[in-house]
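Below, read A as the first sequence line, B as the second, and so on, with proteins coming before strands; counting in each chain starts at 1. This is a predicted model, so every value here is computed, not measured.
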Amino acid sequence: MSKQSSEIDLQIWQVVALIPAGKVATYGDVARMAGLPGAARRVGAALRRLPEDSRIPWHRVINAQGRISLPEGSVSGNTQCFRLEAEGLLLRNNKCLDLEKYRWRP
DNA sequence: ACCGTGACTCTGC
DNA sequence: TGCAGAGCCACGG
């Protein structure tokens, strides 16, 4: 891994770390707040590189449709779903949540 | 430097 | 509501 790419990952992780419990942000939001407007895909890549034991609340990052972008049934996907519910977020139809209600607006 | 890739997003049919 | 297409950005081979 190059030093610069790690810098961007750190930037993204720092933004994600700011999302309060009970709130969520979309990949696009995180990218914009990290100074990388339009680089939503880059955010996903950064989260994928997070260490397994990281305390960064990566589960609070969802897609623009209010749904979990991880494959349904995957270990990480279930973990994200579980953690969101643990924070009191209601998943409509068991997979969709109300962005208007839970979206983090700094 | 070129090209394929992806935990994305928006538009249109 | 669902899916395909086309932008999108940065990375890695």
Side-chain angles (χ1 to χ4, degrees):
Chain A
M1 70 172 99
S2 69
K3 292 180 179 177
Q4 267 201 331
S5 63
S6 294
E7 283 299 314
I8 294 187
D9 284 344
L10 289 175
Q11 248 179 276
I12 292 173
W13 295 347
Q14 286 174 32
V15 171
V16 175
L18 297 177
I19 308 173
K23 291 291 181 180
V24 297
T26 68
Y27 293 91
D29 289 339
V30 174
R32 184 166 43 73
M33 289 186 267
L36 301 166
R41 312 188 73 129
R42 188 64 192 71
V43 174
L47 295 185
R48 189 169 54 76
R49 295 181 180 176
L50 271 174
E52 197 66 38
D53 58 358
S54 172
R55 271 119 62 198
I56 300 293
W58 56 267
H59 56 280
R60 295 176 191 148
V61 182
I62 60 179
N63 62 33
Q65 300 171 29
R67 319 235 280 86
I68 291 175
S69 281
L70 288 163
E72 196 173 353
S74 64
V75 178
S76 48
N78 290 330
T79 298
Q80 179 167 24
C81 185
F82 176 81
R83 290 186 182 176
L84 286 175
E85 293 185 322
E87 292 186 353
L89 286 75
L90 304 178
L91 280 68
R92 301 182 317 211
N93 301 334
N94 201 32
K95 56 173 60 176
C96 217
L97 43 86
D98 194 340
L99 272 180
E100 288 303 303
K101 183 177 180 181
Y102 299 123
R103 195 170 205 166
W104 176 47
R105 301 184 187 74

Practice problem: Would you indicate whether the side-chain heavy atoms of A:R60 and A:Y102 approach each other to under 4.5 Å? | Solution: no
Quiz prompt | Contact check, side chains of A:T79 and A:R83, non-hydrogen atoms, under 4.5 Å | solution = yes
Quiz item: For DNA chain B, which nucleotides open and close the run of contacts to chain A, 5' to 3', at under 4.0 angstrom from a non-hydrogen atom?
Solution: B:dG6 to B:dC10
Self-check item: A:E72 atom CD: more than 12 heavy-atom contacts under 6.0 Å
Solution: no
Exercise. Rounded off to whole Å, could you give me the CZ-to-P distance for the A:R92 and C:dT1 pair?
Key: 10 Å
Quiz item: At under 4.0 Å between heavy atoms, what does A:A64 touch on the DNA or RNA strands: base, sugar-phosphate, or nothing?
Solution: sugar-phosphate
Practice problem: Answer yes or no: is there a side-chain heavy-atom contact under 4.5 Å between A:H59 and A:V16? | Solution: no
Quiz item: Is it true that atom CZ of A:R92 has more than 12 heavy atoms of other residues, nucleotides or ligands lying nearer than 6.0 Å?
Solution: yes
Self-check item: Value in whole Å for how far the C1' atom of C:dC11 lies from CD of A:E7
Solution: 16 Å
Would you give me the side-chain donor-acceptor pairs under 3.5 Å for residues 29-40 of chain A, sequence neighbours excluded?
{"unit_1": "A:D29", "atom_1": "OD1", "unit_2": "A:T26", "atom_2": "OG1", "d": "3.4"}
{"unit_1": "A:D29", "atom_1": "OD1", "unit_2": "A:R32", "atom_2": "NH2", "d": "3.2"}
{"unit_1": "A:D29", "atom_1": "OD1", "unit_2": "A:R103", "atom_2": "NH2", "d": "3.1"}
{"unit_1": "A:D29", "atom_1": "OD2", "unit_2": "A:T26", "atom_2": "N", "d": "3.3"}
{"unit_1": "A:D29", "atom_1": "OD2", "unit_2": "A:T26", "atom_2": "OG1", "d": "3.0"}
{"unit_1": "A:D29", "atom_1": "OD2", "unit_2": "A:R103", "atom_2": "NE", "d": "2.9"}
{"unit_1": "A:D29", "atom_1": "OD2", "unit_2": "A:R103", "atom_2": "NH2", "d": "3.0"}

Exercise. For A:T26, report the nucleic acid contact type (base, sugar-phosphate, nothing); a contact means any heavy atom under 4.0 Å.
Key: sugar-phosphate
Exercise. Would you kindly give the CD1-to-P distance between A:I8 and C:dG12, to the nearest whole Å?
Key: 10 Å
